[in-house]
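Chain letters run A, B, ... following the sequence lines, proteins first and then strands; every chain starts at 1. Predicted model only: the values in this text are computed from it and were never measured.
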Amino acid sequence: MSSAELKQRLLQVIGSIPKGRVSTYGDIARMAGAPNHARFVGTLLKNLPTGSKIPWQRVINSKGEIAFPAGSDNWIRQQQRLLAEGVVLTGGKVSLRQYRWQP
DNA sequence: CAAATGACGTAGC
DNA sequence: TGCTACGCCATTT
């Protein structure tokens, strides 16, 4: 499979995360049938066009943390978008027990 | 073409 | 519980 195809599959998976739920880089890669590509999910989101419909805020790391440096503008932006849809961060982290999405 | 990079994950201590 | 080391691999330098 080419990386362009994988890219589309990853975006499809991310786009299917329900509002108010989250998923991790690793889970997304696995769901797209490409384990070992967690990092690619990140490099992919980084290059998203401004105003994309992709719910990038629902993607966090395996520890339940927002991947950006805590307190950075991006971190705050993501936290706001999560709060706006009902995902609460306690102690700077999302409770994967509660919000992690698995089909 | 070699080396560095990165919105990651996991094992080991 | 926290930190360090690796493994990983598309992209970028």
Distance, rounded to the nearest Å, where [X] contributes [atom1] and [N] contributes [atom2]:
{"X": "A/Asn74", "N": "B/dG6", "atom1": "CG", "atom2": "P", "answer": "14 Å"}
{"X": "A/Glu65", "N": "C/dT1", "atom1": "CD", "atom2": "C1'", "answer": "13 Å"}
{"X": "A/Leu44", "N": "C/dT12", "atom1": "CG", "atom2": "P", "answer": "11 Å"}
{"X": "A/Lys7", "N": "C/dT11", "atom1": "NZ", "atom2": "C1'", "answer": "12 Å"}
{"X": "A/Leu10", "N": "C/dA10", "atom1": "CG", "atom2": "C1'", "answer": "11 Å"}
{"X": "A/His37", "N": "C/dT11", "atom1": "NE2", "atom2": "P", "answer": "10 Å"}
{"X": "A/Leu45", "N": "C/dA10", "atom1": "CG", "atom2": "P", "answer": "17 Å"}

List the atom of A/Met31, the atom of A/Ser23, and the distance in Å for their closest heavy-atom pair.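 Smallest interatomic distance, heavy atoms only, reads CE-OG, 3.4 Å.
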Kindly give the heavy-atom pair with the smallest separation between A/Ala29 and A/Leu10, and that separation in Å.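 Minimum heavy-atom separation between A/Ala29 and A/Leu10: CA-CD2, 3.9 Å.
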Quick one: side-chain contact (heavy atoms from CB on, under 4.5 Å) partners of A/Arg39, sequence neighbours excluded?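 By the side-chain contact (heavy atoms from CB on, under 4.5 Å) rule, A/Arg39 matches no residue at all.
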Scoring nucleotides 8-13 of chain B by protein non-hydrogen atoms under 4.0 Å (B base, S sugar-phosphate only, - none) yields BSS---
Report yes or no: does [X] contribute a side-chain atom to a donor-acceptor pair with the main-chain N or O of [Y] at less than 3.5 Å?
{"X": "A/Gln78", "Y": "A/Gln57", "result": "yes"}
{"X": "A/Glu65", "Y": "A/Lys93", "result": "no"}
{"X": "A/Arg21", "Y": "A/Ile17", "result": "no"}

DNA chain B contacts among residues 83-103 of chain A, heavy-atom distance under 4.0 Å: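 Nothing qualifies; none.
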Side chain to side chain contact (heavy atoms under 4.5 Å, CB included) with A/Val22: which of A/Leu96, A/Ile66, A/Val59?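 For A/Val22, the side chain to side chain contact (heavy atoms under 4.5 Å, CB included) check succeeds only for A/Leu96.
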For a side-chain contact (heavy atoms from CB on, under 4.5 Å) check, start with the C-alpha distance between A/Arg100 and A/Thr24, then their side-chain angles and the critical distance, and finish with the verdict. CA-CA 8 Å; A/Arg100 187 182 218 166; A/Thr24 71; 4.0 Å; yes
